[in-house]
2 protein chains.
Amino acid sequence: MARKSLSQSDFIEAGTEYLRDHTLSELTMRVLGDLLGVDATACYRHFSGKAELLTAMLDTLLGQVLEAVPEVVTAPRELLEAQCVAMRRVMHDNPQLATAMVASEGQMPNALKMARRSIAALRSGGLDGDELIRSYQMIESYVMGATQFDLMEAPHNMEIRAARYGMFEDPAFVRAARSVRSVAAITEESFLAGLRILLDQCLGQSR
Amino acid sequence: MARKSLSQSDFIEAGTEYLRDHTLSELTMRVLGDLLGVDATACYRHFSGKAELLTAMLDTLLGQVLEAVPEVVTAPRELLEAQCVAMRRVMHDNPQLATAMVASEGQMPNALKMARRSIAALRSGGLDGDELIRSYQMIESYVMGATQFDLMEAPHNMEIRAARYGMFEDPAFVRAARSVRSVAAITEESFLAGLRILLDQCLGQSR
DNA sequence: ACCTGAACACCGTTCAAGT
DNA sequence: ACCTGAACACCGTTCAAGT
């Protein structure tokens, strides 16, 4: 039998790819092994367990956000908004992983990088002390939370939301519920509107 | 052996009580059976499975929110804020259930009631059409999402957040990280500040 | 150094059998 | 009508054994 000599990134990539079309609970260690033509327990030679693999997959995702928003010299307001929008888009493209986002930031270097960038932007926007922390936390909780909430039950999330709208018995919602696409559009619009309202309030209007 | 003749609410209450001191993954059907002095499979005589039980537990939680905010005649802005704050408090008191909040609203009558109340308030605040939907969705995603995010990994969530702050290498965050209590306080302040900013923008300043 | 394969201690759930 | 208890098809993970 030929040696496989797999690396961490092989498992990360195979898992992330698999989650494009499958549920998180469908990604078992046995399936992951099959994907790489290897035994179910081979993963344990590279990660302490499933949790650590998941964390590595998540951090890789955050790396994509950092790449999507190069740290060029832009106004802090624009850098922040761009980073938040990129974060949401990456999560939107990987809903299964996004909704499993964990708080174990200790092992996620890219999460740390993103946070430091945001804080630097808020600082150069004039914030400091407790106001800085409140603003940072408000934006992080909004972007991560609202996006996770909107992606819940993906890929059927917007069908489910449309069905809910239909039960509200309100003419505006019932009309919107007829088109899943319009429900999805409204969801994105409301996220972006909310983000801008919060950023405006934290950093002052810039448009 | 005496007949137990349990009802749905017995399982809901026992499970919710158990989750006060235990993780969601620790609440297995076998444990639930032990709590009620009954076989592990007895639950299937009252619920189709664990998912349906969980949904029932969640809806019971939403019922507490409805009770906490009686539908007295108040200004729409105040009703909305009170309902959002009550929602967060109930989730805060039941973090394990709150972070498992599901999108299966079809079987959650109290979720429907809450939504209709919110929509009525927004309407009497002068909103209509797509603007009404955007405002509703913005507030729902913010309250549910940010709260779920802040409660992630409870009951150690604030210790984890404090540890993160310590790694930011920013003087303001490092100072705040010395007290878990202060991190928790800042989290609540930033949630409330964000909520008020969004409500102000949707319904106009009322204070 | 890395992978295998059997094994362990769990899950949620089904179903025939009890009362 | 409701509960029991064995059983099924899974999990993640461990560990001795291979190469």
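We name chains A, B, ... by the order of the sequence lines, and we start the count at 1 in each one. Just the heavy atoms: all of them, side chains too, but no hydrogens, waters or symmetry mates, feed the values below.
Taking atom CG on A:L36 and atom C1' on C:dC3, their separation rounds to 13 Å, with Å as the unit. Between B:L53 atom CG and C:dC11 atom C1' the separation is 15 Å, expressed in whole Å. Between the P atom of C:dC3 and the CG atom of A:D34 lies a distance of 15 Å, rounded to the nearest Å. The CG atom of B:L32 sits 14 Å away from the C1' atom of C:dC11 (whole-angstrom rounding).
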Which dot-bracket string fits DNA chain C when only Watson-Crick or G-U wobble pairs with both atom distances under 3.5 Å count, crossing pairs get [ ], and | stands for a partner on a different strand? ||.|||||...|||||.||
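Side-chain contact check for A:Y18 versus A:E26: some heavy-atom pair is nearer than 4.5 Å. Contact annotation: the side chain of B:R161 approaches that of B:D150 to within less than 4.5 Å [non-hydrogen atoms, C-beta and beyond]. Considering only heavy atoms from C-beta on, B:Q83 comes within 4.5 Å of B:S118 through its side chain. Annotation: side chain of B:M57 is not in contact with side chain of B:N94 (no heavy-atom distance under 4.5 Å).
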Taking protein heavy atoms under 4.0 Å as touching, what does nucleotides 12-18 of chain D look like 5' to 3' if B marks base contact, S marks sugar-phosphate-only contact and - marks none? BBBB---
Kindly determine whether B:T28 and B:L32 satisfy side chain to side chain contact (heavy atoms under 4.5 Å, CB included), including the steps that lead there. CA-CA 6 Å; B:T28 68; B:L32 189 61; over 6 Å; no
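Note: B:Y142 and B:F191 meet the aromatic proximity criterion, with ring centroids under 6.0 Å apart.
Taking the six-membered ring where tryptophan is involved, the planes of A:F168 and A:F173 are perpendicular, since the angle between them exceeds 60° and thus also 30°.
Ion pair B:R116/A:D170 not flagged as a salt bridge, since none of the NZ, NE, NH1 or NH2 atoms sits closer than 4.0 Å to an Asp/Glu carboxylate oxygen.
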